[in-house]
Visitor: 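For reference, the structure I am asking about is given below.
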Amino acid sequence: MKLSQTLVALSCVLLAACGGGSSGGGQVDPPDPTFDQGILGFINTISDSPAIGVGLISTSSGGSSASVLFGQAVLQARTVAGFDVRAGYTGTDGETVTIFERLDDNNIKLFRDDETIVWFSGNLANPVITVIENQEYGYGLEEDAVAQPEVQVFHGALSQGDLDIYLTETSADLAATAPTATLAHGEFSTVLQTSSSESARVVVTPAGDAATLLFDSGAFTVADNTRMQLIVSDYFGPGNAEITVRTVINRTQVALSNQIDTSTELLTTNLVADVSSVDVHVGEPAGNPLVAGVAFGATAQTDGLSTGSEVNLVVTADGVDTDETLNVTVGIEPGTYNFLFVGGLQTDADQAEARNTSGVVTAADLRPISTGVLVQVFNGSVAAGASDVYLLSAGETVSDNTATFSLATGGYNTNLVPVGDYELSVTDNGSSTVETGPVVQTFSAGNYYIITLADAPGGGGPYVANIVEQPLP
């Protein structure tokens, strides 16, 4: 799933590192357009993890960092070198917890025929780190050569026992088809050759039980000259499915739908203060909205949201198809929770020629995360303007702390916050004068939280800061 949350960035201390760059086996190969590069990648299937931050120090190009969300992978072509690597996350006390490091003489040495993947699996209490060494796909081939597609499979679904994973044709009889791989949790296959197809299909079943489908992608295309990773992980989206499969093709994430008991949901929060309610349409408004009559200050939830790289969502005043409040085009992945926040004023005396409405659509990762709870913040208030939002412990003041969130009107942000008791206070951006608050709230495990700033009904001040507690699905 694509997830909106603040990514963890870890910095590494520069240490002496051993160089790479010689041929992995010393052999002479045909010309290769990536002769000075290898592939270095990271996969995160730790079921209760925040984003895993990875810090790299290269002997050839200096420092860099990457963040790997749950269920996803970051694979990058890198100049051959030695890499000092540290990976970890921010714990509940705000300190960095390191779960993997390879430094100095033990650093990761990337040669020009290498694909090295570091895989994080298990859970945060017992993370399992696996370093996988493959040969780079297409190494030694002429630039215009045609190569068979290849696949590698990873079983990272902590909730599951042994699984059969099939990459086959849509027409195949699974009962008469050998699985591409049979894996226990934490196991991965070798790199396997497969065939190009315009009607390929990924299916996952319990091992030895071809009749029980846990995942079924439906048809998709597998092209020549591609290597893909099939990453099985636990599923936390809408519906009752237990697992999902993330596909990475030539280092690019590609979303697959699961045909087994999943949906895609939209949660709409209306903070447009001078209309009583709004409708949400997919595409051109035509009298049949996806969501109808969302009252000011309310949130409506519906499934059946269209998916794709360009989904057009249009918000109008309730029943007024010709009067657009918001028009946005966004990418929507299947099997995700998506939040639409819309705020401002439909009619603004200060902007007679252009209404002052704004909004955002974002996917949210609604799963239990051991290091904290998800907090989403949206500033839908014209009266508030640019604001600083503070989440303070008892006895703390805004003058002694940095704002937790800083948002212009229409601004959105999200972060993980440790469980505990907080006081919400809001100031003008850069000011230490509290404009609204404190609002006292306990942030508890098993929930997520939405903080909004909204004008008074009809528009204008005083604006209100509100916290809504929602149980995780």
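Throughout, residue positions are numbered sequentially from 1 according to the sequence presented. Because the structure is predicted, anything quoted here is derived from the model rather than measured.
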Visitor: Is there a donor-acceptor contact under 3.5 Å from the side chain of Asp162 to the main chain of Ala207?
Guide: no

Visitor: For Ser387 and Asn429, which I'm curious about, is there any donor-acceptor pair between the side chains at under 3.5 Å?
Guide: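 No, no side-chain donor-acceptor contact under 3.5 Å.
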
Visitor: I want to check something: taking the side chain as every heavy atom from C-beta on, are Val54 and Arg86 in contact at a cut-off of under 4.5 Å?
Guide: no

Visitor: Considering all heavy atoms of both residues, which atom of Gly385 and which atom of Asn379 are nearest to each other, and what is their separation?
Guide: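 Closest approach of Gly385 to Asn379, heavy atoms only: O-ND2, 2.9 Å.
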
Visitor: Relative to each other, are the rings of Phe188 and Trp119 parallel, tilted or perpendicular (30° and 60° limits)?
Guide: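 Perpendicular.
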
Visitor: Going through the checks in order, is the side chain to side chain contact (heavy atoms under 4.5 Å, CB included) test met by Val375 and Phe443?
Guide: CA-CA 9 Å; Val375 177; Phe443 288 173; 3.8 Å; yes

Visitor: Any idea which heavy atoms bring Gly459 and Leu345 closest together, and the distance?
Guide: CA-CD2, 3.7 Å

Visitor: Measuring only between side-chain heavy atoms, which start at C-beta, is Val153 closer than 4.5 Å to Tyr166?
Guide: no

Visitor: Relative to the ring of Tyr448, is the ring of Phe339 parallel (under 30°), tilted (30 to 60°) or perpendicular (over 60°)?
Guide: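 Ring orientation of Phe339 relative to Tyr448: perpendicular.
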
Visitor: Give the C-alpha distance, both sets of side-chain angles, the deciding distance and a yes or no for side-chain hydrogen bond (donor to acceptor under 3.5 Å, both in side chains) between Asn258 and Asp216.
Guide: CA-CA 5 Å; Asn258 187 2; Asp216 185 350; over 6 Å; no

Visitor: Step by step, work out the side chain to side chain contact (heavy atoms under 4.5 Å, CB included) result for Asp388 and Asp428.
Guide: CA-CA 6 Å; Asp388 292 337; Asp428 292 340; over 6 Å; no

Visitor: Is the closest basic N to carboxylate O distance between Arg102 and Asp84 below 4.0 Å?
Guide: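 No salt bridge links Arg102 with Asp84.
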
Visitor: Decide whether Glu242 and Tyr235 meet the rule of one side-chain donor and one side-chain acceptor closer than 3.5 Å.
Guide: no

Visitor: Looking only at heavy atoms, which two atoms of Leu290 and Asp303 are closest? And how far apart?
Guide: CD1-O, 4.1 Å

Visitor: Is Glu136 salt-bridged to Arg227, going by a charged N under 4.0 Å from an acidic O?
Guide: no

Visitor: Within this structure, what is the CD1-CG distance for the pair Ile108 and Leu103, rounded to the nearest 0.5 Å?
Guide: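 Separation between the atoms: 10.0 Å.
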
Visitor: Applying side-chain hydrogen bond (donor to acceptor under 3.5 Å, both in side chains), run through Asp48 and Asn123 and close with a yes or a no.
Guide: CA-CA 6 Å; Asp48 58 344; Asn123 57 28; 5.4 Å; no

Visitor: With distance as the sole test, does Ser233 use its side chain to make a donor-acceptor pair with the main-chain N or O of Gly156 at under 3.5 Å?
Guide: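 Answer holds: no.
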
Visitor: If only atom types and distance count, is the side chain of Thr357 paired as donor or acceptor with the main-chain N or O of Thr325 below 3.5 Å?
Guide: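 Indeed, once roles are kept as given, a pair shorter than 3.5 Å links the two residues.
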
Visitor: Do Phe236 and Phe70 have their ring centres less than 6.0 Å from each other?
Guide: yes

Visitor: Under a plain distance cut-off of 3.5 Å, with no hydrogens placed, do Asn250 and Thr226 share a side-chain donor-acceptor pair?
Guide: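 Thr226 vs Asn250: no donor-acceptor pair found between side chains.
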
Visitor: What is the distance from atom OG1 of Thr45 to atom CD of Gln72, rounded to the nearest 0.5 Å?
Guide: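 Rounded to the nearest 0.5 Å, the OG1-CD separation comes out at 12.0 Å.
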
Visitor: If I take atom OG1 from residue Thr452 and atom CG from residue Leu407, how far apart are they, to the nearest 0.5 angstrom?
Guide: 11.5 Å

Visitor: Main chain of Gln259, side chain of Ser257: is a donor-acceptor contact present, judged purely on distance under 3.5 Å?
Guide: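 Side chain of Ser257 to backbone of Gln259, a donor-acceptor pair under 3.5 Å: no, none is there.
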
Visitor: Test your reading of the model: is there a side-chain donor-acceptor pair from Gln160 to the backbone of Ala157, 3.5 Å cut-off?
Guide: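 No, the answer is negative, given that no donor and acceptor are paired below the 3.5 Å cut-off.
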
Visitor: Could you pull out the closest heavy-atom pair between Leu158 and Gly122, with the gap in Å?
Guide: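 Result for this residue pair: CD2-O, 3.9 Å.
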
Visitor: For Leu167, is there any backbone N or O sitting under 3.5 Å from a side-chain donor or acceptor partner on Thr180?
Guide: yes

Visitor: Look at the side chain of Arg367 and the backbone N and O of Ser47, then say whether any donor-acceptor pair between them is shorter than 3.5 Å.
Guide: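 Present.
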
Visitor: Would you check if there is a donor-acceptor pair between the side chains of Asn44 and Ser49 at a distance under 3.5 Å?
Guide: yes

Visitor: Report yes if the side chains of Val275 and Phe296 come closer than 4.5 Å at any heavy-atom pair, otherwise no.
Guide: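 Side chain of Val275 against side chain of Phe296, heavy atoms only: no contact under 4.5 Å found.
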
Visitor: Is it the case that the side chains of Thr269 and Thr299 hold a donor-acceptor pair, with the cut-off being a distance below 3.5 Å and no angle test?
Guide: yes

Visitor: Distance from Leu124 atom CG to Asn126 atom CG, nearest 0.5 Å?
Guide: 10.0 Å

Visitor: Nearest 0.5 Å please: distance from the OH atom of Tyr422 over to the OG1 atom of Thr404.
Guide: 8.5 Å

Visitor: Within this structure, what is the CG-OG1 distance for the pair Leu40 and Thr116, rounded to the nearest 0.5 Å?
Guide: 6.5 Å

Visitor: Is it the case that the side chain of Thr427 and the backbone of Ser431 share a donor-acceptor pair, with hydrogens and angles ignored and the cut-off at 3.5 Å?
Guide: yes

Visitor: Decide yes or no on side-chain hydrogen bond (donor to acceptor under 3.5 Å, both in side chains) for Glu115 and Asn134, but give the supporting numbers first.
Guide: CA-CA 5 Å; Glu115 179 184 73; Asn134 300 322; 2.9 Å; yes

Visitor: For a 4.5 angstrom cut-off between non-hydrogen side-chain atoms, does Asp279 reach Val291?
Guide: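 Heavy-atom side-chain distance check fails, nothing below 4.5 Å.
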
Visitor: Would a 4.5 Å heavy-atom cut-off, applied to side chains only, mark Ser381 and Asp455 as touching?
Guide: yes

Visitor: Apply the side-chain contact (heavy atoms from CB on, under 4.5 Å) test between Gln152 and each candidate in Ile132, Leu230, Thr190, Val248; give the one that qualifies.
Guide: Ile132

Visitor: Between Ser444 and Thr442, do the side chains contain a donor N or O and an acceptor N or O under 3.5 Å apart?
Guide: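 Per modelled atom types, Thr442 and Ser444 side chains form no pair under 3.5 Å.
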
Visitor: Which pair of heavy atoms, one from Ile260 and one from Ala241, lies closest together, and at what distance?
Guide: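 Where Ile260 meets Ala241 most closely, the heavy atoms are O-CB, 3.3 Å.
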
Visitor: Dump the intermediate steps for side-chain hydrogen bond (donor to acceptor under 3.5 Å, both in side chains) on Glu310 and Thr329, then the final yes or no.
Guide: CA-CA 6 Å; Glu310 293 188 348; Thr329 298; over 6 Å; no

Visitor: Testing Leu163, Asp209, Thr205, Thr244 one by one against Leu214 for a side-chain contact (heavy atoms from CB on, under 4.5 Å), which residue passes?
Guide: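 Of Leu163, Asp209, Thr205, Thr244, side-chain contact (heavy atoms from CB on, under 4.5 Å) with Leu214 is met by Leu163 alone.
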
Visitor: If we only count heavy atoms from C-beta on, is the Gln229 to Ile117 side-chain gap below 4.5 Å?
Guide: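 In contact.
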
Visitor: Look only at the side chain of His185 and the backbone of Ser121, and say whether a donor-acceptor pair between them is shorter than 3.5 Å.
Guide: no

Visitor: Can you tell if the side chain of Val245 reaches within under 4.5 Å of the side chain of Ile231, non-hydrogen atoms only?
Guide: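 The answer is no, as the side chains (C-beta and beyond) never meet within the 4.5 Å cut-off.
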
Visitor: So Val97 and Thr90, side chain to side chain contact (heavy atoms under 4.5 Å, CB included) or not? Walk me through it.
Guide: CA-CA 6 Å; Val97 179; Thr90 300; over 6 Å; no

Visitor: Is there a side-chain contact between Val202 and Leu256, using heavy atoms and a 4.5 Å cut-off?
Guide: yes

Visitor: Please evaluate residues Val315 and Leu340 with respect to the criterion side chain to side chain contact (heavy atoms under 4.5 Å, CB included), reporting the C-alpha separation (whole Å), side-chain torsions for both, the decisive distance (0.1 Å), and the verdict.
Guide: CA-CA 10 Å; Val315 180; Leu340 166 59; 3.8 Å; yes

Visitor: So, does Asp274 use its side chain to make a donor-acceptor pair with the main chain of Gln346 at under 3.5 Å?
Guide: yes

Visitor: What pair of heavy atoms forms the shortest contact from Val74 to Ser67, and how long is it?
Guide: CG2-O, 3.7 Å

